[in-house]
Trainee: 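The structure follows.
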Protein chains: 2
Amino acid sequence: MNDMTQAKYKKRAKIFKAMAHPSRLLIIDELSISGERCVCELTDMVRTDTSTVSCDLAQLRDAGLVIDERRGSMVYYRLGVSCILDFFECVEAAMISKTECKPRLLN
Amino acid sequence: MNDMTQAKYKKRAKIFKAMAHPSRLLIIDELSISGERCVCELTDMVRTDTSTVSCDLAQLRDAGLVIDERRGSMVYYRLGVSCILDFFECVEAAMISKTECKPRLLN
DNA sequence: GGCCTATTTGTAAGTTTAGCCAAATCTGCA
DNA sequence: TGCAGATTTGGCTAAACTTACAAATAGGCC
């Protein structure tokens with residue numbers, strides 16, 4: 001694995017690491033449904049400290065997954081990558097089919 | 001966020017956590033290209049300890065992303081979810097378009 | 001300017017993960 | 001059975017992540 005390849009995978013890993021947390025996945029889901037939300041709205045939803053949500057959003061932003069926009073005193077976030085939900089659906093479908101297949105193996 | 005929702009997001013997070021590492025992303029890429037590989041082949045590729053690769057593969061397996069099959073003394077791994085690569089391409093495309101858009105914002 | 005609200009950043013403690021080595025399993029073969 | 005190669009598991013230390021509190025920053029309003 002050369003340096004360029006290494007850098008490529010590190011960048012990808014950053015994206016996945018950003019998504020690898022229940023709270024941040026909830027945020028992604030919510031943004032995909034409602035279009036955009038401010039930090040305070042997301043804080044109510046995740047039920048944790050504002051600063052924690054802010055950090056989670058910063059992590060998603062650094063990974064390029066969400067876009068922030070300040071309007072007045074509030075900062076609104078929205079999804080930057082549209083394909084996230086398709087991927088969720090695909091993975092979930094694969095997991096369902098996997099669990100459905102398991103009993104067959106017992107025959 | 002109720003318990004059922006919490007469980008759903010924890011499960012999703014496990015999948016992303018499994019992918020959130022350069023070595024494991026390289027493994028996924030390699031399996032998507034070559035179809036299947038044994039642990040020793042992947043060890044040569046990742047350039048790390050066999051036990052580390054074995055742990056990485058176990059993590060991918062627990063997340064439902066790869067399938068293992070023992071043939072003789074060797075264990076072969078292959079992808080269990082087909083949509084991973086589509087997702088990579090989509091995310092990468094989004095990141096490229098994002099960086100291309102940035103100069104426009106400077107006008 | 002001064003105050004209030006919304007958000008971000010810094011810090012610190014607790015938890016989790018990565019990486020490597022050694023030991024244990026498992027398979028094929030003599 | 002006993003040996004050799006392939007893979008997995010357990011244990012350990014260093015690094016990274018999570019989380020909440022406190023402090024700092026930014027915008028709106030008087």
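Side chains included, hydrogens not; waters and symmetry mates left out as well; all remaining heavy atoms used.
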Trainee: Looking across every strand, which nucleic acid part, if any, lies under 4.0 Å from A:Arg24 by heavy atom: base, sugar-phosphate, or nothing?
Mentor: sugar-phosphate
Trainee: Base, sugar-phosphate, or nothing: which does B:Cys55 touch, judged by heavy atoms less than 4.0 Å apart?
Mentor: base
Trainee: What's the verdict on salt bridge (charged side-chain N to carboxylate O under 4.0 Å, His left out) for B:Arg12 and A:Asp29, showing C-alpha distance, side-chain angles and the deciding distance?
Mentor: CA-CA 12 Å; B:Arg12 278 190 184 176; A:Asp29 248 15; 3.3 Å; yes
Trainee: So which one's nearest nucleotide on DNA chain D is more toward 5', B:Val75 or A:Arg70?
Mentor: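 Comparing both residues, the 5'-ward one is B:Val75.
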Trainee: Taking atom P of D:dC17 as reference, at what distance in whole Å does atom NE2 of A:His21 sit?
Mentor: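 The answer, rounded to whole Å, is 12 Å.
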Trainee: Hey, which of these two, A:Ser51 or A:Lys17, hits DNA chain D nearer its 5' end, going by closest nucleotide?
Mentor: A:Lys17
Trainee: Are B:Ile28 and B:Tyr76 in one and the same hydrophobic cluster, where Ile, Leu, Val, Met, Phe, Trp and Tyr link if side-chain heavy atoms are under 4.5 Å apart?
Mentor: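 Hydrophobic grouping puts B:Ile28 apart from B:Tyr76.
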Trainee: When all nucleic acid strands are considered with a 4.0 Å heavy-atom cut-off, which category describes A:Tyr77: base, sugar-phosphate, or nothing?
Mentor: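 Since only primed, P, OP1 and OP2 atoms lie under 4.0 Å of A:Tyr77, the category is sugar-phosphate.
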Trainee: Is it possible for you to say whether A:Val53 and A:Met74 belong to one hydrophobic cluster, with membership spreading through side-chain heavy-atom contacts below 4.5 Å?
Mentor: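 No.
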Trainee: Might you point out which heavy atoms bring A:Asp56 and A:Ser23 nearest each other, and give the distance in Å?
Mentor: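 For A:Asp56 versus A:Ser23, the nearest heavy atoms are OD2-CB, 3.9 Å.
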Trainee: Need one value for B:Gln59: base, sugar-phosphate or nothing, where a base atom within 4.0 Å counts as base even if backbone is also close, heavy atoms only.
Mentor: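 Sugar-phosphate only.
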Trainee: Provide, to the nearest angstrom, the distance between the CG atom belonging to A:Leu57 and the C1' atom belonging to D:dT18.
Mentor: 15 Å
Trainee: With a 3.5 Å cut-off and heavy atoms only, can you find an N or O donor on one side and an acceptor on the other between the side chain of A:Ser73 and the base of C:dC4?
Mentor: no
Trainee: Please determine whether any donor N or O and acceptor N or O are separated by less than 3.5 Å between the side chain of B:Thr48 and the base of C:dC20.
Mentor: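 For B:Thr48, whose side chain was compared with the base of C:dC20, there is no donor-acceptor pair (under 3.5 Å).
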Trainee: A:Arg61 has an atom CZ; how far is it from atom C1' of C:dT9, in whole Å?
Mentor: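 These atoms are roughly 12 Å apart.
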Trainee: Check this one for me: any side-chain N or O of A:Thr52 less than 4.0 Å away from OP1 or OP2 of D:dA20?
Mentor: yes
